[in-house]
2 protein chains.
Amino acid sequence: MQWELIGSLAAILTMFGFVPQIIKMHRTQSVADVSLFMLMQFCLGMFLWLLYGWHIQDNILIVANAISFSTLIVAIGIFLKYRKR
Amino acid sequence: MQWELIGSLAAILTMFGFVPQIIKMHRTQSVADVSLFMLMQFCLGMFLWLLYGWHIQDNILIVANAISFSTLIVAIGIFLKYRKR
């Protein structure tokens, strides 16, 4: 139970890890210092983690990376929106 | 073997995921648009993933998150260095 808590907390922190960056980009409408390469590298990486989690049948890995992947798509969308300005 | 490759590729992409951001911060010496909250949230989250990986004895999780955690420490250090300017 203790380890489920640690795994769940780890999952919550990292799966919503880009939320503060999304909020900041949305609020400031400025993305000049943010690395698009970072966002895209994480997007691909988390998609592969998702596949790996599915393979080893680890539900925490699956859910965490599915949500991470979704936030990365949002982050990349916001980045591209404000980069054009 | 195919799944080991996918897991390893996922690990490589995400464990070095902040490297492009570190390079950009170092190059531009500007961090105004980067969220410190994001960096600190990932730092704690990856430390907990590391503990969880150790518990379930998954070497890929352990190594990936140990390296991620290290890069986050570097990223936070660079952020704080250039924020002062």
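Just so we're on the same page: letters track the sequence lines, and every chain starts at 1.
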Peer 1: From A/I56 CD1 over to B/L61 CG, what is the distance, rounded to the nearest 0.5 angstrom?
Peer 2: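 That separation rounds to 6.5 Å.
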Peer 1: Taking all non-hydrogen atoms of both residues into account, name the closest pair between B/A10 and A/G45 and its distance.
Peer 2: CB-O, 3.7 Å
Peer 1: Are A/I73 and A/L50 joined in one hydrophobic group, where the rule is that I, L, V, M, F, W and Y side chains link up if heavy atoms are under 4.5 Å apart?
Peer 2: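 A/I73 and A/L50: one cluster.
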Peer 1: Does any backbone or side-chain atom of A/D58 lie under 4.5 Å from a heavy atom of chain B? Answer side chain, backbone, both or neither.
Peer 2: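 Side chain only.
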Peer 1: Determine the minimum heavy-atom distance between A/F37 and B/P20, stating which atoms define it.
Peer 2: CD2-CG, 3.5 Å
Peer 1: Answer with side chain, backbone, both or neither: which region of A/A64 has an atom nearer than 4.5 Å to a non-hydrogen atom of chain B?
Peer 2: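 The side chain, not the backbone.
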Peer 1: Okay, side chain of B/K24, backbone of A/D33: is any donor-acceptor separation there less than 3.5 Å?
Peer 2: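 No; judged by distance alone, with no hydrogens or angles, the pair does not exist.
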Peer 1: Could you state whether A/I22 and A/L36 fall into the same hydrophobic cluster, counting links through intermediate Ile, Leu, Val, Met, Phe, Trp or Tyr residues with side-chain heavy atoms under 4.5 angstrom apart?
Peer 2: yes
Peer 1: Please determine, among A/I23, A/V34, A/I6, the option with the most heavy-atom pairs under 4.5 Å with chain B.
Peer 2: A/V34
Peer 1: At a 4.5 Å cut-off on heavy atoms, which part of A/F16 comes close to chain B: side chain, backbone, both, or neither?
Peer 2: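 Its backbone and side chain both get close to chain B.
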Peer 1: How long is the gap from CG on A/L48 to OG1 on B/T14, to the nearest 0.5 Å?
Peer 2: 9.0 Å
Peer 1: Going only through I, L, V, M, F, W and Y residues with side-chain contacts under 4.5 Å, is there a path from B/I78 to B/M40?
Peer 2: yes
Peer 1: In the structure I gave you, are the side-chain heavy atoms of A/Y52 and B/L5 within less than 4.5 Å of one another anywhere?
Peer 2: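 Sidechains of B/L5 and A/Y52: no contact.
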Peer 1: Is A/W49 reachable from A/I62 through a run of I, L, V, M, F, W or Y residues, each pair having side-chain heavy atoms under 4.5 Å apart?
Peer 2: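 Unlinked, A/I62 and A/W49 end up in two clusters.
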Peer 1: When heavy-atom pairs shorter than 4.5 Å are enumerated against chain B, which of A/E4, A/M25, A/Q21 gives the highest number?
Peer 2: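 The answer is A/Q21.
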Peer 1: Identify whether A/L72 and A/I67 are in the same connected component of the hydrophobic contact network (ILVMFWY, side-chain heavy atoms under 4.5 Å).
Peer 2: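 Unlinked, A/L72 and A/I67 end up in two clusters.
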Peer 1: Under 4.5 Å, counting heavy-atom pairs only, tell me which of A/I12, A/L9, A/V31 racks up the most with chain B.
Peer 2: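 The candidate making the most pairs under 4.5 Å is A/V31.
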Peer 1: Below 4.5 Å, heavy atoms only, C-beta onward: do B/F42 and A/L13 meet side chain to side chain?
Peer 2: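 Side chain of B/F42 against side chain of A/L13, heavy atoms only: no contact under 4.5 Å found.
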